[in-house]
There are 2 protein chains.
Amino acid sequence: MATYRTDGLGALGDPTRRAIFELVATGPKAVGELARELPISRPAVSQHLKVLKDAGLVVDEAVGTRRLYRVDPNGVAALRAYLDLVWDRALAAFAAAVENTPEEPS
Amino acid sequence: MATYRTDGLGALGDPTRRAIFELVATGPKAVGELARELPISRPAVSQHLKVLKDAGLVVDEAVGTRRLYRVDPNGVAALRAYLDLVWDRALAAFAAAVENTPEEPS
DNA sequence: ACGAACCGTAAGCTACGACTTACCAAGCCG
DNA sequence: CGGCTTGGTAAGTCGTAGCTTACGGTTCGT
């Protein structure tokens, strides 16, 4: 379940979420700290963080009353793997097209 | 030229668009051909292709009355570069956190 | 040259997602 | 122990992205 919402690309599709993700990537950040650097309210940041966490892109850690978020290397690795796959298929298709230049296989 | 952002991620955020992108990645495809393999109409595919093309992820080539689309390696490379940057920053932040054990940045 | 096939664009409707305010739970500090 | 701070959740509003049908332009085939 939550299968559709668990994809990193879908999560990073939103520019605000991407901004949050980039801020978190620079180091562990608390929710209020993020909200202070963004033009949106704290609950909005919380919701975005929930989506990012659900997508496996960030992890959270409770420290006192604050909650520190940091990027999850596994999530980023998954995205890289996906792009590598597409990249590979595109290159293979291109190579095949170069070989079969003369005519079209019908 | 620098006008279009790296919203390649934004473009791939939509699952339908991602499906189109993956189909195109397997080789040059025409619009009607894509529409035939998808549960949406041909105009919808056209609109998605426009977004992908605007994001620099695909390129189009007019062949007779058909229009072949294929992936743009530069677009994929840009996405990979972005992820690499985030990855690098995350690793640097983690290394810094390990070295500077008990402090936290403002 | 006429018809058919392919594609892009316009206009419009619907649905989802992003944001806000309000409220409540949990942990620190006086 | 009481107040203050921090965060997550609920309910509601509003914008916009995505899809459809309808139309016009362009090219190939006969």
Side-chain angles (χ1 to χ4, degrees), chain A residues 1-24 27-70 103-104 106, chain B residues 4-24 27-55 57-70 102-106:
Chain A
M1 40 202 321
T3 3
Y4 293 111
R5 240 23 216 162
T6 0
D7 73 312
L9 284 174
L12 290 182
D14 184 66
T16 302
R17 214 171 296 146
R18 209 156 51 220
I20 294 177
F21 180 66
E22 292 173 8
L23 282 175
V24 171
K29 302 266 186 186
V31 179
E33 192 175 355
L34 291 169
R36 244 173 271 127
E37 303 192 32
L38 290 168
I40 58 176
S41 65
R42 215 170 3 220
V45 175
S46 258
Q47 293 164 6
H48 282 305
L49 284 171
K50 184 189 180 89
V51 175
L52 288 172
K53 177 183 169 188
D54 204 48
L57 288 172
V58 300
V59 290
D60 60 337
E61 174 193 2
V63 174
T65 118
R66 295 183 306 182
R67 204 165 193 100
L68 297 183
Y69 284 82
R70 65 185 66 192
E103 295 243 351
E104 244 180 81
S106 108
Chain B
Y4 27 64
R5 275 283 175 203
T6 312
D7 47 352
L9 283 172
L12 290 183
D14 183 66
T16 301
R17 209 145 37 205
R18 205 157 50 223
I20 294 177
F21 181 65
E22 292 173 8
L23 281 175
V24 172
K29 302 267 185 183
V31 180
E33 191 175 355
L34 291 169
R36 245 173 269 127
E37 303 192 31
L38 290 168
I40 59 176
S41 66
R42 219 168 4 230
V45 175
S46 260
Q47 293 163 7
H48 281 305
L49 284 171
K50 184 189 180 89
V51 175
L52 289 172
K53 177 183 169 188
D54 205 48
L57 287 173
V58 300
V59 290
D60 59 338
E61 174 193 2
V63 175
T65 150
R66 272 173 270 170
R67 202 162 194 101
L68 297 183
Y69 284 82
R70 51 199 178 87
E103 281 258 355
E104 80 183 72
S106 135

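Just so you know, these numbers come straight off a predicted model, no measurement behind them. Throughout, a chain's letter reflects where its sequence line sits, starting with A, and its residues are numbered from 1.
Where Gly64(A) and Lys50(B) meet DNA chain C, the nucleotide closest to each residue was compared, and Lys50(B) sits on the side nearer the 5' end.
Heavy atoms of Ala62(A) sit nowhere under 4.0 angstrom from any nucleic acid atom.
Within the 4.0 Å cut-off from OP1 or OP2 of dG8(D), at least one side-chain nitrogen or oxygen of Tyr69(A) is found. A sub-4.0 Å separation between OP1 or OP2 of dG27(C) and a side-chain N or O of Thr65(A) is absent. Contact between the side-chain N/O atoms of Arg17(B) and the OP1/OP2 oxygens of dG18(D) is found at a separation under 4.0 Å.
One interatomic measurement links the two molecules: NE2 of His48(B) to P of dG18(D), which rounds to 6 Å at whole-angstrom precision. Across the protein-nucleic acid pair, Leu12(A) atom CG and dA18(C) atom P stand 12 Å apart, rounded to whole Å. The distance from atom CG of Leu34(A) to atom P of dC19(C) is 14 Å, rounded to the nearest whole Å. Here the C1' atom of nucleotide dA17(D) and the CG atom of Asp7(B) are 14 Å apart, to the nearest Å.
Side-chain to base pairing of Glu33(A) with dT6(D): no donor and acceptor N or O lie closer than 3.5 Å to each other.
Arg42(B) places no side-chain N or O within donor-acceptor distance of the main-chain N or O of Ala35(B), the cut-off being under 3.5 Å. In this structure a side-chain-to-backbone donor-acceptor pair under 3.5 Å is missing from Asp7(B) to Leu9(B).
Heavy atoms from other residues, nucleotides or ligands lying under 6.0 Å from CZ of Arg17(B) number more than 12.
Distance from the side chain of Val31(A) is smallest to dG8(D) among dA11(D), dC7(C), dG8(D).
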